[in-house]
Peer 1: 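Take a look at this one; I'll ask things after.
Chain identifiers are assigned alphabetically (A, B, ...) following the order of the sequence lines, protein sequences preceding nucleic acid strands; residue numbering begins at 1 within each chain.
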Amino acid sequence: MHNNADSLIVLDFETSGLSPDNGDRAIEIGAVKIEHGIITDKFQSLMNPGFRINSFIENYTGITNQMLQNAPSCHEVMLDFATFIGSNNLLAHNASFDQKFLDAEFEHINQRYSGEFACSLLVSRRININAPNHQLGTLVNYKNIASDGSFHRALFDAEMTAKLWLSMLEDIQRQINQNQVSFDLIQKIAKTAKKNVPALLANW
DNA sequence: TGCCAGGCCCTCTTTAGGGCCTT
């Protein structure tokens, strides 16, 4: 198994609710692969959780029960997704949420992943200290990232998270080059991004 | 009937509370 420090899977789940511990399931997965700073691959699928989702989720995501009726099962989709992520490191916006669901869905199909999670939200709180807030949509606007506004669908949010991440890496690299990054900030970023900030720590 | 998440960070902190972010 090869764990490439300069490649990364950026993923986003749409789900039936906030907590797999309350029986919530994934209803859509979207992901892109970043290699050497470029998006090189993508993965997207709806998945049928086996029960009806409530109207809040239908309105929030635009994913309807009708759309899920003919979707493949979570089991089927997550098996394919396990192949897609391989041993790569992983990134999500508010990673604790997506990690929770990835763990739960993989548990259902007895799969494991070996990559480590990084979190674009936690890094943003360190880097974009003047942003109005750190919601994905706000940050995309704040960083002037091109967007057609289709938030709350998995592949779109994953793509936006990937672009936000690459933008933040550029900002950090620029600040390092200009000696504008304090050791304290670097330590805080490393700490808040947890054990692994692929391609970022590699530059330090 | 009533319940309804949890990890991280900041601070009026560490014998804790509250806001943010994800669906």
Peer 1: Rounding to the closest angstrom, what is the interatomic distance between B/dC8 and B/dG2 at atom P?
Peer 2: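 After rounding to an integer number of Å, I get 34 Å for this pair.
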
Peer 1: Among pairs that include at least one residue of residues 58-81 of chain A, which meet salt bridge (charged side-chain N to carboxylate O under 4.0 Å, His left out), considering only residues two or more places apart or in two chains?
Peer 2: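 Listed by first then second residue: nothing to list.
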
Peer 1: Determine the Euclidean distance between corresponding C1' atoms of B/dC20 and B/dT15; express it in Å to zero decimal places.
Peer 2: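 Each nucleotide's C1' atom is 25 Å from the other's.
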
Peer 1: If you measure from the P atom in B/dT23 to the same atom in B/dG17, how many Å do you get, rounded?
Peer 2: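 Taking atom P in both B/dT23 and B/dG17, they lie 29 Å apart.
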
Peer 1: Which pair of heavy atoms, one from A/Gln111 and one from A/Ala82, lies closest together, and at what distance?
Peer 2: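 Result for this residue pair: OE1-CB, 3.5 Å.
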
Peer 1: Name all residues meeting the ring-ring contact (aromatic ring centres under 6.0 Å, His included) criterion together with A/Phe156; count only those two or more places apart in sequence or in a different chain, and write none if there are none.
Peer 2: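 A/Phe156 satisfies ring-ring contact (aromatic ring centres under 6.0 Å, His included) with A/Phe151 once adjacent residues are dropped.
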
Peer 1: With P as the reference atom in both, quote the distance from B/dT1 to B/dG6 in angstrom, rounded to an integer.
Peer 2: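 Approximately 26 Å lies between the P atom of B/dT1 and that of B/dG6.
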
Peer 1: With sequence neighbours excluded, what pairs up with A/Lys143 under the salt bridge (charged side-chain N to carboxylate O under 4.0 Å, His left out) test?
Peer 2: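 Checked A/Lys143 against salt bridge (charged side-chain N to carboxylate O under 4.0 Å, His left out); matches are A/Asp171.
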
Peer 1: Sequence neighbours excluded, which residues qualify as salt bridge (charged side-chain N to carboxylate O under 4.0 Å, His left out) partners of A/Arg52?
Peer 2: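 If we apply the salt bridge (charged side-chain N to carboxylate O under 4.0 Å, His left out) test to A/Arg52, skipping adjacent residues, there are no hits.
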
Peer 1: Considering residues at least two apart in sequence or located in another chain, which fulfil the salt bridge (charged side-chain N to carboxylate O under 4.0 Å, His left out) criterion with A/Glu28?
Peer 2: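 Partners of A/Glu28 by the salt bridge (charged side-chain N to carboxylate O under 4.0 Å, His left out) criterion, ordered by chain and then number, come out as A/Arg153.
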
Peer 1: Work out how far the P atom of B/dC3 is from that of B/dG7, and round it to whole angstrom.
Peer 2: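 One P to the other, the span is 22 Å.
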
Peer 1: Report the residues that fulfil side-chain hydrogen bond (donor to acceptor under 3.5 Å, both in side chains) with A/Thr138, sequence neighbours left out, ordered by chain and then residue number.
Peer 2: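 Checked A/Thr138 against side-chain hydrogen bond (donor to acceptor under 3.5 Å, both in side chains); matches are A/Asn133.
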
Peer 1: Give me the distance, rounded to whole Å, that separates B/dC4 from B/dT22 when you measure between the P atoms they each carry.
Peer 2: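 23 Å, rounded to whole Å.
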
Peer 1: Considering only residues two or more places apart or on different chains, which pairs with a residue in residues 88-105 of chain A satisfy salt bridge (charged side-chain N to carboxylate O under 4.0 Å, His left out)?
Peer 2: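 Counting only pairs at least two positions apart or across chains, the salt bridge (charged side-chain N to carboxylate O under 4.0 Å, His left out) contacts touching residues 88-105 of chain A are A/Arg25-A/Glu105.
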
Peer 1: Can you tell me if A/Arg126 touches the phosphate of B/dC10, counting only side-chain N or O atoms and a distance under 4.0 Å to OP1 or OP2?
Peer 2: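 Answer is yes, contact under 4.0 Å.
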
Peer 1: With the threshold set at under 4.0 Å for non-hydrogen atoms, list the residues of residues 65-79 of chain A touching DNA chain B in residue-number order.
Peer 2: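 When residues 65-79 of chain A is checked for heavy atoms under 4.0 Å from DNA chain B, there are no hits whatsoever.
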
Peer 1: Which heavy atom of A/Pro49 sits nearest to which heavy atom of A/Cys74, and what is that distance?
Peer 2: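 Of all heavy-atom pairs spanning A/Pro49 and A/Cys74, the closest is CA-SG, 3.8 Å.
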
Peer 1: In the 5'-to-3' direction, what one-character label does each nucleotide of nucleotides 17-23 of chain B receive under the scheme B = base within less than 4.0 Å of a protein heavy atom, S = sugar-phosphate only, - = no such atom?
Peer 2: ---BBBB

Peer 1: When you compare B/dC12 with B/dG19, how far apart are their C1' atoms, in angstrom units rounded to a whole number?
Peer 2: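 Straight-line distance between the two C1' atoms is 15 Å.
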
